[in-house]
Amino acid sequence: MFGLFKKKKKEPGLPAINDLDNNPLKEGDLVEALRYDLGQCKLLVVDNAYIYESLSSGKQVSWLKMIDASTDNQKVKKILS
């Protein structure tokens with residue numbers, strides 16, 4: 001009976017993220033950032049977290065700062081090739 005209320009362990013891993021057009025994003029994708037004057041960026045994984053790195057300036061921004069409050073998607077547009 002005491003086993004009913006055990007906490008379930010969460011699987012380690014990264015959350016699934018999407019751009020404004022609902023395209024799924026993964027490590028290595030090129031995107032056009034719509035915030036922080038980053039321009040074109042590459043999506044990287046550093047210390048088990050997503051990071052956008054600007055191709056022109058090298059500035060890095062966490063994916064948490066790029067969340068669109070109304071849709072929960074990222075404020076980026078994936079560059080489709």
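For the single chain, residues carry numbers from 1 onward in sequence order. Atom set for the values below is all heavy atoms of this structure, side chains included, hydrogens, waters and symmetry mates excluded.
Cluster annotation: Leu64 and Leu14 are assigned to the same hydrophobic cluster (Ile/Leu/Val/Met/Phe/Trp/Tyr, side-chain heavy-atom contacts under 4.5 Å, transitive).
For the pair Ile51 and Val61, the minimum side-chain heavy-atom distance is 4.5 Å or more. Using a 4.5 Å cut-off on side-chain heavy atoms (C-beta onward), Lys78 and Val76 make no contact.
Shown here are the side-chain contact (heavy atoms from CB on, under 4.5 Å) partners of Asp47, two or more places apart in sequence or in another chain: there are none. Under the rule for a side-chain contact (heavy atoms from CB on, under 4.5 Å), the partners of Pro24 that lie at least two apart in sequence or sit in another chain are Asn18. Not counting sequence neighbours, Ser62 has no partner by the side-chain hydrogen bond (donor to acceptor under 3.5 Å, both in side chains) test.
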Could you go through residues 28-44 and list every donor-acceptor pair under 3.5 Å that involves a side-chain atom there, pairing it with any protein atom two or more places apart or in another chain?
residue : atom : partner : partner atom : Å
Asp29   : OD1  : Lys26   : NZ           : 3.4
Asp29   : OD2  : Lys26   : N            : 2.8
Arg35   : NH1  : Lys65   : O            : 2.7

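Here the CG-CG distance, from Leu20 to Asp68, works out to 5.5 Å after rounding to the nearest 0.5 Å. Between the CG atom in Leu80 and the CG atom in Asp21 there is a gap of 8.5 Å [rounded to 0.5 Å]. With values rounded to the nearest 0.5 angstrom, Asn22 atom CG is found 5.0 Å from Asn73 atom CG. Expressed to the nearest 0.5 Å, how far CG of Asp19 lies from CD1 of Ile79 amounts to 10.5 Å.
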I'd like to know whether Trp63 forms a side chain to side chain contact (heavy atoms under 4.5 Å, CB included) with Val45, so could you lay out the CA-CA distance, the side-chain angles of the two residues, the decisive distance to 0.1 Å, and finally the verdict.
CA-CA 10 Å; Trp63 69 280; Val45 175; over 6 Å; no
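Between the side chains of Gln74 and Tyr50, not a single donor N or O lies within less than 3.5 Å of an accepting N or O.
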